[in-house]
Chemist: 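A single structure is presented below for examination.
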2 protein chains.
Amino acid sequence: MIRSLAELKAQAKELGPRRCVVAAAADPVTLQALSSAQKEGIAKGVLCGPADKISQAASKAGVSLDGFEIKDCPDEEAAIVAVEEVRASGDFLLKGHLPTSSFLGAVLDKEKGLRTGRVLSHIAILEPASLGRLLLVSDGGMNIAPDLVTKLDIINNAIEVAHSLGIEKPKVALLAAVEAVNPKMAETLAWAQITQMAARKQIAGALVDGPLALDLAVSEEAVKIKGVKSDVAGKADVLIVHDIAVGNIFAKGLIYLGGAKACGIVAGAARPVVMLSRADDAETKLNSIALGAVASVV
Amino acid sequence: MIRSLAELKAQAKELGPRRCVVAAAADPVTLQALSSAQKEGIAKGVLCGPADKISQAASKAGVSLDGFEIKDCPDEEAAIVAVEEVRASGDFLLKGHLPTSSFLGAVLDKEKGLRTGRVLSHIAILEPASLGRLLLVSDGGMNIAPDLVTKLDIINNAIEVAHSLGIEKPKVALLAAVEAVNPKMAETLAWAQITQMAARKQIAGALVDGPLALDLAVSEEAVKIKGVKSDVAGKADVLIVHDIAVGNIFAKGLIYLGGAKACGIVAGAARPVVMLSRADDAETKLNSIALGAVASVV
C-alpha cells in the first residue's frame, strides 16, 4: 500500500517506464515535466503534434528529445491522434498545450474516444504533513454540482484509483459540515442515500460512510469525543465532496496554507488522464505523471 | 493590527478583564475555560444559572469560584437572564450548558434579545503556519445556504470583527473553485454581484473581490502566474464562502490536517457571542474567549 508521494514515485519506477501519450506536445512546460519523468524511468513519452513545433518547444525548454517517440500530425489532430495511440498501445494520456474542451472532446468521442460509461472526475491526492497516509479528494476539479448518479461515478472512480495505490478496501468518507442527516442540507441527504446503497452492496471494493464532518473523517480523537460508530470515521483514505467548490477550496487550502504536497489525475476514462496546471511546481507535475503511470496498471 | 493568536491574547489582556456573561454556567468545561481566561486577566465571569449546580460543576472542574459573580436563577431562565445582564452591563456572552436553540432563542428574542437587524454568523479565525497573518473564514458554522442578503450580512459581520482586530481595511476574498464568473456556478454569480456592490460603495470599510480561487486569495505567487489584477488577491484577510459545507470543511481541514491554530466567534448580535465546542482543546477555548473580549470593544 502506497502511503506517501515518495512511495508513489518509487512504485512508478518499479513498474518500469509506462507509455505516456501526449496530446499537443509542443509545450515547454509539458516537455520539461515529461523529460524528468523519462529520466526517472517512470514514463516513455509519445509526443503527438507537429514535429517541427515540438522540436522548437524542446529547445526552448532545454530538454533533449532523445528517447521520445514523435507522432507528427497537425495541431488540430493532435488530440485525436493521441487518443488513438493510447487506445492502441499507450498506458496513459497527458494533456499538452491545447484547450481543455478540445482535449476532452477527443477523450469523450463516442466512437473513437476512451468512454467507459462513467463520467470523468478529478481526484486530488494529498499528503498532509504528519498524517502518515495519503488522502484522495474528489471531485474538486471537474464536476460542478454532480447529481446522485454522477456522485456514484465519482466515488467509483476514486475507489479504483485507491485500489491502484494498493489500498485494498479504501475507507470512503462522504463529507459534510455535520454528521447528522439534515433535511435542510441537501448533501447530507445524498450521503445518507449513498451510505445505504453501500450497505446494500451496491458499491463494491470499499467501506463507505457519511455524512461525516471533516474532523470525524480524519481524527480518531474527534471520533472518541463525539462517540460516532463507523468503520470509516477517523481513518478515511478517500474524502468525497458534494460539489467542486468544496473540493477545490479544501484541497487548495491544504496545499497553499497547510503545507500539504499533492498531485492529481482525471479518472473515469479507459486510460488515466493527466492534466498538468501551469501553476503546479515541478515536483507536483512529476508526481502527477507518476500517478498516471501507477493508475494505468489494472 | 493583530497578526497572530498570541497577539490576540496579549491584546485581550491589555484591554483588562471584560465582563463575560455565561448562560447556564453549571458546566465544568465552560468553567475551566473561563477560569483560565479570568486568571489571564482577559475576562471577569458573570455566571447565570442555579448557584448550587454552578458550585457543583466548579468542584467537578477543580476550579475556584473566587472572583466570579453569580446570578442565581433556574436553568430555564439562564439564557434570558444572561442576555439581560449582557445588555445592561456585560461585554460579551458565553454559551454554557444548554441547547443551542434555546440559547439563540434568547439572543434573538425580538424584545429582550440582542438583535441588530443582521443575521448571526460564525467567524473562524485561523492561524495557518507560516502565513504571517490571521485569516477570518465565514460562514462555516451557522448559515447553511445563505441568500444574497444574508451573504452581505455575513460579510459585514466579518468586516466588523476584522476591524476589532485592528485590520483597518480588511481584504475580503469571495471564494469559489475558479476566478471566472461562470453561469453554471451559482456562487460565482453571487460574488460578481457583491463585488460590484462593493465597487458602488455599498460595502464600507473593506476591499472586496471575487470570485477568487483559494490560491489566488492567499498566494501572491499564484496571482503572478495567473496574471489577475485585484486589490485583494494574494493578500486576503477575510475568506468568505458561499455555504456552510465549504467553510466548515475548509477550516477543519486546516485545523486537523494543516496544523493551523484557530478560534471562533458568533457575530451579528449587539454583543459578541462565544460558543465553545467540547471538541475544542483548552488553548482554542481560551483563544475564543480572548476573541470575544477583543471583539466586544467597539
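Letters A, B, ... mirror the listed sequences (proteins, then strands); counts begin at 1.
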Chemist: For A:A260, is it the side chain, the backbone, both, or neither that has a heavy atom closer than 4.5 Å to a heavy atom of chain B?
Modeler: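 Contact with chain B involves no heavy atom of A:A260 at all.
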
Chemist: Under the criterion side-chain contact (heavy atoms from CB on, under 4.5 Å), which of A:V223, A:L212, A:V238, A:V172 is the partner of A:V232?
Modeler: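 With A:V232 as partner, side-chain contact (heavy atoms from CB on, under 4.5 Å) holds for just one option, A:L212.
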
Chemist: Under a 4.0 Å N-O cut-off, is there an ion pair linking B:R278 with B:D27?
Modeler: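 Answer for the salt bridge query: yes.
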
Chemist: Which distance, rounded to the nearest 0.5 Å, do you find between the CG of A:L104 and the CG of A:L98?
Modeler: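 These two atoms lie 9.0 Å from each other.
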
Chemist: Looking at B:N248, B:L257, B:V218, B:I244, which has the largest count of heavy-atom pairs under 4.5 Å with chain A?
Modeler: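 Most heavy-atom pairs under 4.5 Å with chain A: B:L257.
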
Chemist: Looking at A:I255, A:L126, A:D215, A:I225, which makes the most heavy-atom pairs under 4.5 Å with chain B?
Modeler: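 Ranked by contacts with chain B, first place is A:D215.
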
Chemist: Against chain A, label B:E187 side chain, backbone, both or neither, depending on which of its atoms sit under 4.5 Å from a heavy atom there.
Modeler: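 B:E187 touches chain A through side-chain heavy atoms alone.
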
Chemist: Donor-acceptor pair, B:D280 side chain versus B:C263 backbone, under 3.5 Å?
Modeler: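 Pair absent, no side-chain N/O of B:D280 close to backbone of B:C263.
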
Chemist: For A:N156 and A:I159, indicate whether the former's side chain and the latter's backbone hold a donor-acceptor pair under 3.5 Å.
Modeler: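 Not at all, since once roles are kept as given, no pair shorter than 3.5 Å links the two residues.
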
Chemist: Could you please state which residues from residues 133-153 of chain B sit under 4.5 angstrom from chain A, measuring non-hydrogen atom to non-hydrogen atom, sorted by number, or 'none'?
Modeler: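 Residues B:L135, B:I144 are the ones that qualify, each having a heavy atom under 4.5 Å from chain A.
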
Chemist: Quick one: does any side-chain atom of A:S288 pair with a main-chain N or O of A:G264 as donor and acceptor, under 3.5 Å?
Modeler: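 Side chain of A:S288 to backbone of A:G264, a donor-acceptor pair under 3.5 Å: yes, one is there.
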
Chemist: Would you say the side-chain atoms of B:T188 pair up with the backbone N or O of B:N182, donor to acceptor, closer than 3.5 Å?
Modeler: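 Looks like yes, one N/O pair under 3.5 Å.
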
Chemist: Please classify the contact between B:L131 and chain A as side chain, backbone, both or neither, with a heavy-atom cut-off of under 4.5 Å.
Modeler: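 Side chain of B:L131 only, per the 4.5 Å heavy-atom cut-off to chain A.
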
Chemist: Do we see a donor-acceptor contact under 3.5 Å between the side chains of A:T284 and A:N287?
Modeler: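 The criterion, which ignores hydrogens and geometry beyond distance, is not satisfied for A:N287 and A:T284.
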
Chemist: Has B:S36 got a side-chain atom pairing as donor or acceptor with B:Q32's backbone, closer than 3.5 angstrom?
Modeler: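 Present.
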
Chemist: Considering only heavy atoms, which portion of A:I249 lies under 4.5 Å from any heavy atom of chain B: side chain, backbone, both, or neither?
Modeler: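 When you check distances to chain B, atoms from both the backbone and side chain of A:I249 fall under 4.5 Å.
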
